2 protein chains.
Amino acid sequence: MTDTPQALTLETIGKLAGVSRSTVSRVLNDHPDVRPDVRTRVEAVIEKTGYLPNQAARALVSNRTGLIGLVMPADVVELFGDPYYSTLVHGIREGCEETGSIFSIFPFYGERGQSILLPTLTSQGFLDGVIATAGPRSDDLIATLRDRGRNVVAVGRPADHRDVRRVDVASRSGSAAATAHLCGLDRRRVGFVGPTPEYMFGVERLAGYRDALVAVGREPDDRLVRRDEPNVAGGYRATLDILAEQPDALFVATDPMAAGALRALRERGLSVPDDVAIVGFDGLPNGRVTDPQLTTVVQPVLEVGRMAVQLLRRDHDGPDVVILPTKLRIGDSCGARASTSQQEMEHGEPR
Amino acid sequence: MTDTPQALTLETIGKLAGVSRSTVSRVLNDHPDVRPDVRTRVEAVIEKTGYLPNQAARALVSNRTGLIGLVMPADVVELFGDPYYSTLVHGIREGCEETGSIFSIFPFYGERGQSILLPTLTSQGFLDGVIATAGPRSDDLIATLRDRGRNVVAVGRPADHRDVRRVDVASRSGSAAATAHLCGLDRRRVGFVGPTPEYMFGVERLAGYRDALVAVGREPDDRLVRRDEPNVAGGYRATLDILAEQPDALFVATDPMAAGALRALRERGLSVPDDVAIVGFDGLPNGRVTDPQLTTVVQPVLEVGRMAVQLLRRDHDGPDVVILPTKLRIGDSCGARASTSQQEMEHGEPR
DNA sequence: GAATTGTGAGCGCTCACAATT
DNA sequence: GAATTGTGAGCGCTCACAATT
């Protein structure tokens with residue numbers, strides 16, 4: 001169980017191939033100025049010995065490790081059950097394959113987990129870049145990494161996002177489109193169910209909801225707004241609560257919350273979309289299937305992941321904040337499909 | 001977006017504190033022979049400047065990176081939905097916190113993903129140790145890491161497990177106990193539903209099933225054995241198929257497969273446990289809740305994760321193969337609870 | 001002489017430049 | 001002189017040992 005006895009180095013390989021360590025280095029790094037026969041000879045020795053360069057030495061001198069880390073501040077169970085994260089991970093992995101980076105997930109939980117991880121993340125010579133999802137449990141970590149000059153990209157919008165490179169989706173305009181859609185279907189009392197205000201995406205989605213109401217000449221009414229945990233249980237509770245206000249439609253800021261809303265309405269004997277129309281937000285490829293099928297604002301999470309990797313690149317010269325568009329996908333929960341006149345509004349992808 | 005302008009090094013900190021780099025190094029690494037006032041002075045400078053040692057330099061000279069990697073050869077969606085992985089990750093994270101290592105997950109998918117990751121995993125100066133779950137998609141990776149002399153621990157049993165350190169659970173004896181339990185409840189035609197034979201744990205669980213039959217003087221009958229993918233759909237298919245043999249009990253080698261079995265039986269109008277008794281294998285803390293509640297062989301996945309980290313330690317001097325015990329937890333799917341005489345057989349933990 | 005500190009060497013690479021063909 | 005190769009220095013640490021109190 002000891003390490004490799006033969007501590008192979010560039011020098012050893014060079015000796016075996018009859019060249020200097022420099023030439024071996026050039027072969028390894030695909031430098032052009034190597035004579036073909038020498039290259040072949042060196043490659044043969046590398047192949048035969050199974051030599052692989054020491055990553056630490058390489059990182060020390062080149063100041064690059066090739067490692068991209070995704071920092072996940074959540075309980076593993078929570079994380080692993082969430083289609084948002086699985087899609088995001090998928091996108092980041094694809095992005096890393098494109099750029100030739102190694103992708104790695106650093107799960108941590110709570111203050112203690114963060115304090116263990118933070119020094120390592122912040123050190124030189126460990127990660128080339130960090131991707132972190134914005135949220136109450138990671139916003140200070142993102143701010144710390146930024147302040148320390150680390151190469152960090154936030155996914156979403158951290159509470160303090162000055163000088164933070166980030167990828168986000170058009171939460172506000174997407175929410176406005178969803179709300180406008182409900183208003184256009186002649187719903188008079190359109191409510192909002194979303195996360196508590198420490199989630200910035202919830203703040204933006206509430207703003208979009210209000211934008212749409214104002215745009216059609218209605219007065220936003222806080223009695224039609226409920227906030228809770230951004231998960232199924234939170235959506236369930238908030239919906240039960242808001243029913244006292246007799247809404248005939250709800251824009252629900254995440255699909256898991258919308259699933260909770262559907263459950264609450266079913267329990268109360270209310271039909272969707274007849275009694276209450278529902279529009280959600282997420283539209284994830286692996287999201288749960290609901291009955292009725294949810295009308296929702298689709299966000300391009302896969303592209304978010306890919307783009308985050310792009311933003312991390314040193315040679316990236318695009319904008320430091322990238323906002324990706326969302327689009328409304330019509331399902332059966334909003335009532336648009338019932339009224340044929342509305343059918344042409346559908347511009348979501350087919351499933 | 002550039003790196004920190006002040007490239008702090010030990011030398012810089014030493015200069016600021018009026019000592020040599022050696023003394024700063026001693027302070028950082030908690031060496032005893034530093035005068036208290038000097039230590040305080042150096043710590044003050046470190047604190048003020050926010051200095052953190054370069055991990056690559058440290059790794060190069062100490063030959064340790066402090067990084068433990070879990071290699072996950074699976075589609076992310078599959079992975080993230082699986083309570084086995086979430087529990088395992090939880091256990092490994094706890095183990096790493098105990099040993100002061102940084103824990104990181106390397107997700108990859110397919111041949112291409114593996115070929116990208118493998119050189120890095122195999123290199124010196126990158127990971128202190130690799131944990132990999134055994135299975136058809138990772139067994140050759142485990143063998144390669146072993147052959148290259150890397151510090152690797154397998155979870156489960158790889159097809160080629162010579163000289164591979166590993167943590168496993170007592171699949172065979174646990175399966176025998178489950179099968180014996182069904183025989184003891186007077187089931188005459190006890191079938192086996194499990195994974196296809198490239199999954200070694202399935203091979204062991206089938207062996208345990210046969211052990212139990214032989215022990216009570218019955219002839220194992222391959223017509224009562226069905227194998228399919230180790231997931232809900234596979235369990236569903238295999239169970240539909242085995243019903244032609246009219247089993248009155250099934251030992252199902254994983255809980256997801258058992259969930260599929262329950263669905264198949266329900267669809268065929270068969271009652272559990274009256275028509276067919278079911279015992280599963282897994283008993284994960286975050287596993288799905290079934291109706292009826294599943295009798296199952298509980299494996300200690302959290303401890304498996306913790307133990308894997310222990311086995312990775314250089315100073316570990318226990319056995320290289322650790323097999324953790326399983327225990328049968330009685331639910332409502334086997335019929336034991338109905339017959340009061342069997343109640344005392346229950347030795348699972350309460351939920 | 002014991003406790004504390006500094007110096008030199010070296011980990012295994014990459015890069016600039018000099019030396020060789 | 002252009003293409004190819006080797007040498008020297010250095011990345012930022014840790015460790016052994018020498019030097020200092």
Side-chain angles (χ1 to χ4, degrees), chain A residues 3-4 6-43 45-46 49-67 119-120 122-128, chain B residues 3-4 6-43 45-46 49-67 119-120 122-128:
Chain A
D3 266 346
T4 33
Q6 80 284 28
L8 289 174
T9 69
L10 276 189
E11 208 77 48
T12 329
I13 301 298
K15 208 154 289 171
L16 288 171
V19 295
S20 74
R21 54 178 153 70
S22 247
T23 301
V24 183
S25 173
R26 277 187 270 262
V27 170
L28 280 171
N29 296 294
D30 280 324
H31 282 246
D33 294 342
V34 180
R35 239 170 52 210
D37 59 314
V38 174
R39 180 183 294 275
T40 310
R41 207 167 70 228
V42 172
E43 276 168 348
V45 174
I46 291 173
T49 55
Y51 167 77
L52 287 168
N54 183 304
Q55 297 294 316
R58 192 172 243 187
L60 176 58
V61 63
S62 69
N63 209 23
R64 291 184 13 92
T65 62
L67 228 205
T120 307
T122 319
S123 298
Q124 303 268 0
F126 187 68
L127 290 178
D128 282 351
Chain B
D3 267 347
T4 34
Q6 80 283 26
L8 289 175
T9 69
L10 276 188
E11 207 77 49
T12 331
I13 301 297
K15 208 154 289 170
L16 288 171
V19 296
S20 74
R21 55 178 153 69
S22 248
T23 301
V24 183
S25 174
R26 278 187 269 261
V27 170
L28 281 172
N29 296 295
D30 282 322
H31 282 246
D33 293 342
V34 180
R35 238 168 54 209
D37 59 313
V38 173
R39 181 181 293 274
T40 311
R41 208 166 70 226
V42 172
E43 276 169 348
V45 175
I46 290 172
T49 55
Y51 167 77
L52 287 168
N54 183 306
Q55 298 293 317
R58 192 172 244 188
L60 175 59
V61 62
S62 69
N63 209 23
R64 294 188 6 95
T65 62
L67 228 204
T120 308
T122 318
S123 298
Q124 302 269 0
F126 187 68
L127 290 177
D128 283 351

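Chain identifiers are assigned alphabetically (A, B, ...) following the order of the sequence lines, protein sequences preceding nucleic acid strands; residue numbering begins at 1 within each chain. Keep in mind it's a predicted model, so treat the numbers as computed, not measured.
For A59(B) against T65(B), the heavy-atom pair with the smallest separation is CB-CG2, 3.7 Å. Closest non-hydrogen pair, V27(A) versus R39(A), comes out as O-NH1, 3.9 Å. A pairwise comparison of heavy atoms in P119(B) and S123(B) identifies O-OG, 2.7 Å as the closest pair.
Within residues 54-61 of chain A, the residues approached by DNA chain C to less than 4.0 Å at the level of any non-hydrogen atom are N54(A), A57(A), R58(A), L60(A), V61(A), in residue-number order. Taken residue by residue, residues 19-31 of chain B places heavy atoms nearer than 4.0 Å to DNA chain C at V19(B), S20(B), R21(B), S22(B), T23(B), R26(B).
Using modelled atom types, one side-chain atom of N54(B) and one backbone atom of A56(B) make a donor-acceptor pair closer than 3.5 Å. Under the 3.5 Å distance criterion, the side-chain polar atoms of D128(A) are matched with a main-chain donor or acceptor of G66(A).
The salt bridge (charged side-chain N to carboxylate O under 4.0 Å, His left out) analysis of residues 49-60 of chain B, with sequence neighbours excluded, yields no pairs. Applying the salt bridge (charged side-chain N to carboxylate O under 4.0 Å, His left out) rule to pairs touching residues 15-27 of chain B yields E11(B)-R21(B), sequence neighbours excluded.
With axes fitted over five pairs at each extremity, the angle between the ends of the helix from dA2(C)-dT21(D) to dT21(C)-dA2(D) is 50° (10° resolution).
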TODO: Please lay out, stage by stage, how H31(A) and D33(A) fare under the test side chain to side chain contact (heavy atoms under 4.5 Å, CB included).
DONE: CA-CA 6 Å; H31(A) 282 246; D33(A) 294 342; 5.9 Å; no

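Where DNA chain C meets chain B (any atom under 4.0 Å from a heavy atom), the bounding nucleotides read 5' to 3' are dT4(C) to dG12(C).
Atom CG of residue L67(B) and atom CD of residue Q55(A) lie 12.0 Å apart, to the nearest 0.5 angstrom.
The side chain to side chain contact (heavy atoms under 4.5 Å, CB included) test with Y51(A) is passed by exactly one of L10(A), V45(A), T12(A): L10(A).
The shortest side-chain heavy-atom distance between R41(B) and V19(B) falls under the 4.5 Å cut-off. In this structure the side chain of I46(A) reaches within 4.5 angstrom of the side chain of L28(A), judged on heavy atoms.
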